[in-house]
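Some notes on the structure that comes next.
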Number of protein chains: 2
Amino acid sequence: MEQLRETLKGHHLRTTTCREDVLSTFINRKNALSHGDLEGALGENYDRVTIYRTLKTFLEKGIIHKVLDDEGLRYALCSHQCSEEKHHHDHIHFKCNACGKTNCLENLRIPNVALPSGYVPESFNLLIQGTCPECLAN
Amino acid sequence: MEQLRETLKGHHLRTTTCREDVLSTFINRKNALSHGDLEGALGENYDRVTIYRTLKTFLEKGIIHKVLDDEGLRYALCSHQCSEEKHHHDHIHFKCNACGKTNCLENLRIPNVALPSGYVPESFNLLIQGTCPECLAN
DNA sequence: GTATTATCTGCAACGATGTTGCAGAATATT
DNA sequence: AATATTCTGCAACATCGTTGCAGATAATAC
Ligand SMILES: [Mn+2]
Ligand SMILES: [Mn+2]
Ligand SMILES: [Zn+2]
Ligand SMILES: [Zn+2]
């Protein structure tokens with residue numbers, strides 16, 4: 001509760017109930033969320049547009065980052081000290097084809113790739129699809 | 001020209017002008033194309049819906065494959081022998097933030113990753129963003 | 001606590017994107 | 001040339017995402 005306010009303040013954002021609810025939804029569900037997911041969870045309380053704008057704001061402030069998925073765009077919490085200036089997202093994302101959830105594998109870094117000369121890499125996005133441990137057990 | 005008909009026949013597709021034009025657009029431009037790109041190039045000749053269906057058909061027949069991008073979904077030619085049954089797409093995609101083009105780096109394979117136990121990988125998608133050789137020169 | 005200012009939210013309207021059903025057109029086959 | 005198959009265009013619709021603006025709310029100053 002108070003934790004949420006701290007996070008928002010720390011990123012120079014006013015604390016509003018919508019922002020608190022969006023943020024806590026990200027924290028409670030562990031996986032990456034689309035706008036549609038959030039609308040499903042909070043749509044009765046807040047307007048679609050407000051949720052879009054909240055995502056945009058969180059993205060700009062470095063609270064969440066984009067996750068590319070074969071179904072479209074999702075968002076996940078930035079775990080480390082991402083700020084408005086600098087982001088650290090060289091970790092792997094895993095999507096389970098059984099349960100449909102996409103997760104950050106925060107401690108798995110994307111391996112280096114030797115690009116042909118002339119290519120200057122700046123950011124990386126690796127999505128691995130397959131079966132997650134939970135679904136494998138069932 | 002005749003090449004196009006061969007490719008279509010080889011995938012058991014009727015040769016229509018729309019399919020020929022979509023296919024040749026992929027061949028002429030080297031980079032990955034979105035539906036919007038194709039609509040911009042061919043939209044005066046063909047209906048939006050027909051272009052959507054052509055993409056879907058090409059995808060199913062293994063003529064093109066999906067390319068994930070921070071802007072959304074694009075498509076690129078399958079260079080090797082992708083068929084309806086089996087696809088080979090463990091290569092890297094590169095998006096240039098300067099010119100906005102996304103390309104297949106067909107001969108760069110995605111490196112292996114040691115996943116935590118319980119995760120069963122099936123497919124991989126690595127997008128590297130940065131500056132391409134052409135834009136670096138300018 | 002109240003007034004002021006800056007920011008956020010809801011609503012409406014709109015544009016872009018993608019899907020489906022169906023009748024007529026085009027293609028491949030005989 | 002006749003037939004069977006499948007492709008295309010149109011219309012209608014659903015989903016997704018953006019923008020402008022007026023009223024509500026939060027932070028700040030008094
Ligand atoms: Mn992540
Ligand atoms: Mn490719
Ligand atoms: Zn799963
Ligand atoms: Zn470039």
Side-chain angles (χ1 to χ4, degrees), chain A residues 1-2 4-25 32-61 63-75 84 100 102, chain B residues 1-2 4-25 32-61 63-75 84 100 102:
Chain A
M1 288 287 170
E2 194 56 30
L4 299 175
R5 306 179 72 87
E6 286 307 314
T7 303
L8 293 173
K9 287 226 170 185
H11 289 87
H12 310 100
L13 289 176
R14 292 190 176 178
T15 59
T16 67
T17 57
C18 180
R19 287 172 177 170
E20 287 179 327
D21 283 354
V22 169
L23 184 53
S24 71
T25 304
L33 302 175
S34 67
H35 172 270
D37 294 331
L38 289 162
E39 197 183 343
L42 307 171
E44 304 209 343
N45 304 324
Y46 308 105
D47 193 84
R48 288 182 338 112
V49 178
T50 304
I51 297 176
Y52 274 115
R53 290 196 264 230
T54 301
L55 286 171
K56 196 175 198 175
T57 303
F58 281 10
L59 206 54
E60 289 166 355
K61 296 295 180 179
I63 299 176
I64 58 176
H65 63 279
K66 288 185 183 179
V67 179
L68 299 182
D69 200 86
D70 62 336
E71 289 176 291
L73 194 54
R74 293 176 186 275
Y75 304 88
E84 202 161 352
T102 303
Chain B
M1 288 287 170
E2 193 57 29
L4 299 176
R5 305 179 73 86
E6 287 306 314
T7 304
L8 293 173
K9 287 226 171 187
H11 288 87
H12 310 98
L13 289 177
R14 291 189 176 179
T15 59
T16 68
T17 57
C18 180
R19 286 173 178 171
E20 286 178 328
D21 283 355
V22 168
L23 184 52
S24 71
T25 304
L33 301 175
S34 66
H35 173 269
D37 294 331
L38 290 162
E39 198 183 342
L42 307 172
E44 304 209 343
N45 305 323
Y46 308 105
D47 193 83
R48 288 183 336 113
V49 178
T50 303
I51 297 176
Y52 273 115
R53 289 197 263 229
T54 300
L55 287 171
K56 197 175 196 174
T57 303
F58 281 10
L59 207 54
E60 289 166 357
K61 296 295 181 179
I63 298 175
I64 59 177
H65 63 279
K66 286 186 183 179
V67 180
L68 299 182
D69 201 85
D70 61 336
E71 289 177 292
L73 195 52
R74 294 176 187 275
Y75 304 88
E84 202 162 351
T102 303

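Just so we're clear, the structure is a prediction, and the values are computed from it rather than from any experiment. The chains referred to below are lettered A, B, ... by the order of the sequence lines, with proteins before strands, and numbering in each begins at 1.
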*Within a strict 4.5 Å, meaning less than it, do heavy atoms of the A:Thr15 and A:Leu4 side chains meet?*
no

*For A:Tyr46, which of A:Thr17, A:Thr16, A:Thr54 qualifies under side chain to side chain donor-acceptor pair (under 3.5 Å)?*
A:Thr17

*Over all heavy atoms of both residues, which pair between B:Leu8 and B:Arg14 is shortest? Give the atoms and the distance, please.*
CD1-O, 4.4 Å

*Rounded to the Å, how far apart are A:Asp47 CG and C:dA12 C1'?*
10 Å

*How many angstroms lie between atom NZ of B:Lys66 and atom OH of B:Tyr75, to the nearest 0.5 angstrom?*
6.0 Å

*asked:* Contact between A:Arg19 and A:Phe58 at the side-chain level, heavy atoms closer than 4.5 Å - yes or no?
replied: yes

_Heavy-atom closest pair, residues B:Glu39 and B:Ile51_ = CA-CD1, 4.0 Å

*Could you tell me from which nucleotide to which nucleotide of DNA chain D, 5' to 3', there is an atom under 4.0 Å from chain B heavy atoms?*
D:dT5 to D:dA11

*Please check if the side chain of B:His35 supplies one atom and the backbone of B:Leu73 the other of a donor-acceptor pair under 3.5 Å.*
no

*Identify the heavy atoms of A:Ser24 and A:Asp21 that sit nearest to each other, and give their distance.*
OG-O, 3.2 Å

*Given A:His11 and A:Thr57, is the side-chain contact (heavy atoms from CB on, under 4.5 Å) satisfied, shown in steps?*
CA-CA 10 Å; A:His11 289 87; A:Thr57 303; over 6 Å; no

*Taking protein heavy atoms under 4.0 Å as touching, what does nucleotides 14-20 of chain C look like 5' to 3' if B marks base contact, S marks sugar-phosphate-only contact and - marks none?*
---BBBB

*Could you state the interatomic distance from CG (B:Leu55) to CD1 (B:Ile64), rounded to the nearest 0.5 Å?*
5.0 Å

*Nucleotide by nucleotide, 5' to 3', does protein get under 4.0 Å of the base (B), only the sugar-phosphate (S), or neither (-) in nucleotides 2-8 of chain C, counting heavy atoms?*
----BBS

